[in-house]
Amino acid sequence: MSKSDFSFPPQLRLRTPAAYKNVFAQPVKSSDKYFTLLAIRNQLDHPRLGLAIAKKVIKRAVDRNTLKRLARESFRLRQHSLTALDIVVLARRDALTASPEVLRQSLEKHLLQLVKRCDS
RNA sequence: AGAGUUGACCGAACAGUCGCUGUUUUAUCGAAAGAUAAAAGGGAGGAAAGUCCGGGCUCCACAGGGUAAAGUGCCAGGUAAUGCCUGGGAGGCGUGAGCCUACGGAAAGUGCCACAGAAAAUAUACCGCCGUAAAAGUUCGCUUUCGCGGUAAGGGUGAAAUGGUGCGGUAAGAGCGCACCGCGCAACGGGUAACCGUUGUGGCAGGGAAAACCCCACUUGGAGCAAGAUCAAAUAGGGAAACACAAUGCGUGACCCGCGCUGUUUCCGGGUAGAUUGCUUGAGCCGUCGGGUGACUUACGGCCUAGAUGAAUGACUGUUUUAAACAAAACCCGGCUUACAGGUCGACUCUUUCU
RNA sequence: UGGGUUGUCGCCAAGCGGUAAGGCACGGGGUUUUGAUCCCCGCAUACCAAGGUUCGAAUCCUUGCAACCCAG
């Protein structure tokens, strides 16, 4: 966390299947009817974000992209309050019908909760 | 003014802040590969969709031929190619502009047409109609019954019944004859052709269905960028190329004929995870002048217009006819089909009114 | 992204152009002291959708919509 800006370079993303597998193995969970977030502590000095928006759950490509953007934006603006965590965001079916404002609040809440739980 | 027909186009715009992703330039670090920073400039569609067709590209197979299978189906042209497009013909719909059509062959063959009906395709004879032998009855006109023969006008069935209408003709009838229409054949004329017109002639024979099998003509090798290529930890063992070639057996990507293998010589790596590449300059776009009825196209000039890889276009604020539809590239093109708020322009038709 | 398969009552399913079997479930009745079993009756409700071919389509053709499988 050397930078003080809100950028979102490739280092802050999960990039390999192995990294995803690691998160899915023994995660700390936080979920509601819109999203399920999984997290695990990593060995780096910054958080990383992964997205798993299933085609089976969200049918249309436009909706999938919209949800991904929401999740990235939320992560980007919150990254300084997050510790060294690998986070994966899973979408659920109800996220399709919810408004962007509700989804954003949901994501913020989950991120804060994950930080609290991983610390404890 | 109203109601339509048709061709083409747009697909919220602008400004600011914070972010994402390629490209170029500069600077710093570095032996290099490259990394970081700054600036400039680029960054989803008309359908990017469905994957219904056609190609490019790549690998496999491949002398070539035959069979099968699949597709297409009026004619001509366009095109890289097509099941697409254009023009023409024929049939149908609409007052019209215009629109629609899987539109070859049913006398090459096989099969099918339930129920009903006499008969569903070699026509047949149930009720009728007509003639007539015999018998019975008789008011001597004829009637009835049962046979035989003729007939396809009428009846009823059915989705569909073996040319239609009229006149003649006949015992009753019948293309039996005639006229018109329809159909077939031939000649001539027009047209590249599909086809059209005119004349003559036959004398009516064989309904439907080929999106039943099929016949005829034409087309098609198989798989797909997760194709494939390069570098290359691990692991297992040989692998590759060239030349020659008889039999058996084996293999062979629809099948068969066919084809390949074994022997000799030469060379040395192999290929999983992963990385790089394929990856965007292309049957490209725009314009002008010619050619063509048109689809399209010759020549010339100009332009570079996404290339990601857990996968980029977003968020916030402000203004404007206001809360902006359908919808997201993943190798690339040409079509088709389907979805779509709202809007712009051109051409044409009909109705009403006015001049 | 590419390749392929399938859609028939609430569920499982048969159906080879001629008016949609069967089983389970469900409802009613009978048998039984009661229940199960068994028997009888019913189930107004089903061919994924829209066009086309045909006299007639669940079946043939075209287009679309869903669901599922495979490669990775």
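Quick note on labels: first sequence line is chain A, next is B, and so on, each numbered from 1. Below, each value reflects all heavy atoms present in this structure, side chains not excepted, and no hydrogens, waters or symmetry copies.
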Sticking with atom [atom1], work out how far [N] lies from [M], rounded to a whole angstrom.
N      : M      : atom1 : value
B:U82  : B:G73  : C1'   : 14 Å
C:G52  : B:G175 : P     : 40 Å
C:C43  : C:C26  : C1'   : 8 Å
B:A327 : B:A44  : C1'   : 11 Å
B:G46  : C:U8   : C1'   : 40 Å
B:C336 : B:A70  : P     : 29 Å
B:A47  : B:C286 : P     : 14 Å
B:G89  : B:A194 : C1'   : 6 Å

Under a 4.5 Å cut-off applied to non-hydrogen side-chain atoms, are [X] and [Y] in contact?
X      : Y     : result
A:R104 : A:L70 : yes
A:E73  : A:L77 : yes
A:I87  : A:I40 : no

- Query: In Å and rounded to the nearest 0.5 Å, what is the CG to CZ distance from A:N65 to A:R72?
  - Reply: 8.0 Å

- Query: Rounded to the nearest 0.5 Å, what separation is found between the CG atom of A:L111 and the OG atom of A:S74?
  - Reply: 5.0 Å

Counter-base of [N], judged by Watson-Crick or G-U geometry with both distances under 3.5 Å:
N      : answer
B:G2   : B:C350
B:C336 : B:G50
B:A186 : B:U199
B:C345 : B:G7
B:A76  : B:U86
C:A67  : C:U5
B:C289 : none
B:C176 : B:G168

- Measure from the side-chain heavy atoms of A:R104 and tell me the nearest of B:G314, B:A311, B:C316.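 Taking heavy atoms from C-beta onward, the closest nucleotide is B:C316.
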
- Item | Among B:C316, B:A328, B:A311, the nucleotide that comes nearest once only the side chain of A:N65 is considered | B:A328

Rounded distance in Å - [atom1] ([X]) to [atom2] ([N]):
X      : N      : atom1 : atom2 : result
A:L107 : B:A315 : CG    : C1'   : 14 Å
A:L51  : B:G310 : CG    : P     : 12 Å
A:R76  : B:U313 : CZ    : C1'   : 14 Å
A:L77  : B:C18  : CG    : C1'   : 8 Å
A:K68  : B:G310 : NZ    : P     : 11 Å
A:F75  : B:C18  : CZ    : C1'   : 16 Å
A:R69  : B:G19  : CZ    : C1'   : 13 Å

- Message: I'd like to know if the side chain of A:D32 and the backbone of A:F35 have a donor-acceptor N/O pair within less than 3.5 Å.
- Response: yes

Chi-angle category of [N] [syn within 90° of 0, anti beyond]:
N      : value
B:G46  : syn
B:U305 : syn
B:A118 : anti
C:U54  : syn
B:G175 : syn

- Query: Taking only side-chain nitrogens and oxygens of A:R72, does any of them come within less than 4.0 Å of OP1 or OP2 of B:A312?
  - Reply: yes

- Sugar-phosphate only, base, or nothing, as touched by A:R64 at under 4.0 Å among non-hydrogen atoms: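 The answer is nothing, as A:R64 stays clear of every strand by at least 4.0 Å.
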
- Message: Let me check something: do A:V89 and A:V102 share a hydrophobic cluster, defined by ILVMFWY side-chain heavy atoms less than 4.5 Å apart, either directly or through other members?
- Response: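 Same cluster.
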
- RNA chain B: 5'-proximal contact among A:D63 and A:G50 (nearest heavy atom): A:G50

